[in-house]
Peer 1: 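I have a structure I would like to understand better, so I am pasting it below and will then ask my questions one at a time.
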Protein chains: 2
Amino acid sequence: MSNSTPATIEDVARIANVSIATVSRAIHMPEKVANSTRLKVNQAIAVTGYTTNAMARSLRLGRSNMILVVAPDIGDPNFSNILIGLENEARSHGYGILIGHTQNDAQRGLEYLKFLNSNQAAGLILFTGILPFGHQTMTARLPPSVGVFEPVFNGGIPYVGVDDVAGARKAVDLLIAEGHRKIAFIGDSRTRLAYSRRRMGYEAGMDAAEIGADLRIVFEGDGTVESGRLAVEQLFMRDTLPTAFMCVNDQTAIGVMIGLKTRGYDIPRDFSVTGFDDVPQAVFMTPSLTTIRQPRTAIGKHAMALLLELLSNGQPTETEILLLPDLVVRNSVSAPSRVRR
Amino acid sequence: MSNSTPATIEDVARIANVSIATVSRAIHMPEKVANSTRLKVNQAIAVTGYTTNAMARSLRLGRSNMILVVAPDIGDPNFSNILIGLENEARSHGYGILIGHTQNDAQRGLEYLKFLNSNQAAGLILFTGILPFGHQTMTARLPPSVGVFEPVFNGGIPYVGVDDVAGARKAVDLLIAEGHRKIAFIGDSRTRLAYSRRRMGYEAGMDAAEIGADLRIVFEGDGTVESGRLAVEQLFMRDTLPTAFMCVNDQTAIGVMIGLKTRGYDIPRDFSVTGFDDVPQAVFMTPSLTTIRQPRTAIGKHAMALLLELLSNGQPTETEILLLPDLVVRNSVSAPSRVRR
DNA sequence: CCATGGTGTGTAAACCTTTACATATAACGT
DNA sequence: ACGTTATATGTAAAGGTTTACACACCATGG
């Protein structure tokens with residue numbers, strides 16, 4: 001029972017008085033063994049406390065039951081919730097999850113490539129738009145892979161993300177519904193494709209409301225808190241000001257709010273602000289931030305489901321799954337005040 | 001080269017014209033093989049792109065090179081940074097990290113126990129004070145293990161944490177140095193041992209300043225935002241109020257600040273507030289929160305180093321490592337105002 | 001009664017390493 | 001020259017599992 005070495009399939013076979021092949025079958029193809037035998041085997045398993053040695057199994061099968069998740073930054077607030085979705089889905093199908101984070105370092109990426117090459121992972125989930133494997137990327141033999149959030153640069157890898165255009169549209173539509181016309185978009189078209197798409201949502205919303213280019217203000221930031229603050233500074237130097245700031249993400253929105261508060265303005269009385277992502281601190285801001293919530297757990301779940309399908313079928317059913325994010329209304333948006341500047 | 005199946009040690013042996021044993025030795029005990037041979041082998045490895053099959057290796061060696069990290073909540077802001085420390089240290093010693101989160105569910109815990117029993121992990125890092133393996137805990141055969149943050153209930157498992165007493169002492173000393181005498185401690189003696197220790201730091205600081213029991217106020221909360229808010233409500237109903245709130249963690253401090261702001265008070269002019277942990281949103285509060293920062297990455301690094309030592313030595317050098325946390329001074333503390341209430 | 005087929009089980013090979021042991025060669029001291 | 005020792009390499013077993021193949025048995029249909 002509490003022996004020093006774990007029980008093997010052979011121990012079970014001896015006790016159940018069958019061959020090891022039968023034990024293996026009783027476990028993995030129960031319908032192939034007689035009821036009476038299956039019973040004996042199960043009892044023997046209970047007695048010995050046997051659990052199958054995953055290493056031996058993986059070796060024999062030529063594939064592991066582990067899936068590698070590679071992310072540039074584990075600390076990213078998006079990450080942990082997506083991970084929950086990934087993990088739940090994986091576990092319910094007998095897979096485990098292995099996490100690697102590259103910190104955008106090609107050297108570290110290579111280690112994961114080696115890891116993959118040594119067959120230690122059956123599949124790969126990528127949290128970055130570019131393969132983190134340095135210059136060997138092109139020749140790399142990858143296991144079935146799925147991208148999260150962004151299409152992976154090297155074609156042929158399906159991905160699961162969020163419909164950024166539709167999400168951004170929800171934000172701009174809210175502002176317009178509240179009566180705003182002159183709405184600034186504080187964006188970032190360089191770092192992430194998702195950010196460009198959010199801009200598209202903004203433009204589409206403005207188009208739909210037939211708000212002309214003269215009332216549109218687009219500030220190119222870089223998605224950081226500081227860039228939001230900077231945007232406010234810059235816009236204040238110009239002549240015309242918006243009544244609302246639609247920000248490409250929550251970080252930027254936080255920066256905008258800091259900038260506005262520093263200048264003594266009240267949000268949302270003087271200016272409305274929206275974000276995107278719903279990071280954890282969004283709810284703790286004063287005022288709490290109206291934003292677009294990433295369906296993080298769902299993204300994880302879908303990504304893993306897609307990967308598992310890939311692992312069994314070999315062919316992806318879909319090459320792109322976009323989930324619809326929700327608008328979270330909090331206190332940073334109101335109707336524009338009549339008396340303004 | 002880009003074959004369908006990965007190269008094995010046999011391929012390398014054939015090309016280098018040596019036996020597989022020599023290849024294995026050239027890799028793992030280079031000093032045991034002649035220079036010329038080593039060269040041939042290395043070339044052959046380069047040609048074939050060989051990487052050793054981790055599963056076969058683990059099977060033969062009877063242990064894996066993976067370490068399981070079990071945490072109740074991956075989303076915990078403390079988690080990701082500790083993970084970075086764990087991961088860096090592990091990787092530099094040839095180990096990989098596997099993450100499991102139990103969501104405090106015994107069923108899930110059992111799955112990890114099975115996982116451990118099947119030898120898939122060489123060691124275990126526990127992020128919880130209790131073994132998450134349900135009632136089987138007592139009989140469980142565990143691999144070398146290290147706790148993080150808290151001593152693990154089942155004795156004999158060394159742990160790495162933070163010196164909560166000293167950390168709390170820093171907070172109370174700051175308040176006293178600013179001139180506060182009547183300092184309330186909003187605590188939680190039930191859920192985590194760490195929280196009791198912080199209380200001890202508070203008492204020690206008050207003792208050292210010779211502040212009597214009549215000026216000490218202790219409110220028992222439960223470490224949540226809501227309990228902080230509640231504490232304010234309750235204390236306002238009593239006669240005497242403190243000039244400063246020392247909170248057992250940042251969540252509680254956030255609640256206290258919300259409570260005070262709701263009543264129209266200004267922080268830190270009317271009341272000073274301190275937290276503990278330095279969660280990410282602490283810096284985004286208005287005012288930003290003065291708190292005690294957990295040395296998260298260092299905790300991870302030390303925990304893993306201790307585990308690796310256990311894995312090689314078998315015996316822990318130390319049974320408890322306490323790291324000293326830093327005081328982070330922000331804007332939620334000032335001298336008590338003369339005119340009050 | 002025999003041919004056929006289905007069902008349940010066993011035998012043994014294969015997956016890829018590592019390493020104890022054996023062996024071959026070289027170096028050295030006498 | 002020969003025994004002794006050190007050095008370098010090879011042979012083969014072992015680790016725990018899965019599964020193709022073979023086999024035994026029984027039922028069915030003619």
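Keep in mind it's a predicted model, so treat the numbers as computed, not measured. Throughout, protein chains are lettered first and strands after them, A, B, ... in sequence-line order, and every chain is numbered starting at 1.
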Peer 1: To the nearest 0.5 Å, how far apart are OG1 in B:T297 and CG in B:L83?
Peer 2: 10.0 Å
Peer 1: Show the nearest heavy-atom pair for residues B:L307 and B:L124, with the distance to one decimal.
Peer 2: CD2-N, 3.9 Å
Peer 1: To the nearest angstrom, how far is B:D11 atom CG from C:dT17 atom P?
Peer 2: 9 Å
Peer 1: Grab the two heavy atoms, one from A:L116 and one from A:A121, that are nearest each other, plus how far apart they are.
Peer 2: CD2-CB, 3.9 Å
Peer 1: In B/S/- notation, 5' to 3', how is nucleotides 5-10 of chain C contacted by protein heavy atoms closer than 4.0 Å?
Peer 2: ---SBB
Peer 1: Closest heavy-atom contact between B:I97 and B:M304?
Peer 2: CD1-CE, 3.9 Å
Peer 1: With a 6.0 Å cut-off (strictly less than), is the heavy-atom count around CD of B:E10, excluding the residue itself, greater than 12?
Peer 2: no
Peer 1: May I ask you to check whether over 12 heavy atoms, not counting those of B:K40, lie within 6.0 Å of atom NZ?
Peer 2: yes
Peer 1: Atom NE2 of A:H28 and atom P of D:dA20: how far apart are they, to the nearest Å?
Peer 2: 14 Å
Peer 1: Just to be sure I understand the geometry, which residues of residues 52-68 of chain A put a non-hydrogen atom under 4.0 Å away from DNA chain C?
Peer 2: A:L59, A:R60
Peer 1: Compute the bend angle of the helix from C:dC1-D:dG30 to C:dT30-D:dA1 from the end axes (five pairs per end), rounded to 10°.
Peer 2: 50°
Peer 1: Can you name the nearest heavy-atom pair linking B:P158 to B:L306, along with the distance?
Peer 2: CB-CD2, 3.9 Å
Peer 1: Mind listing the closest non-hydrogen atom pair of A:S64 and B:M55 along with its distance?
Peer 2: CB-SD, 4.0 Å
Peer 1: Look only at the side chain of B:T37 and the backbone of B:N35, and say whether a donor-acceptor pair between them is shorter than 3.5 Å.
Peer 2: no
Peer 1: How close do A:R192 and A:E150 get, heavy atom to heavy atom, and via which atoms?
Peer 2: NE-OE2, 2.8 Å
Peer 1: Could you state the atom-to-atom distance from CD1 of A:I27 to C1' of D:dT18 in whole Å?
Peer 2: 11 Å
Peer 1: Considering every strand and a 4.0 Å limit on heavy-atom distances, what is the contact class for A:T8: base, sugar-phosphate, or nothing?
Peer 2: sugar-phosphate
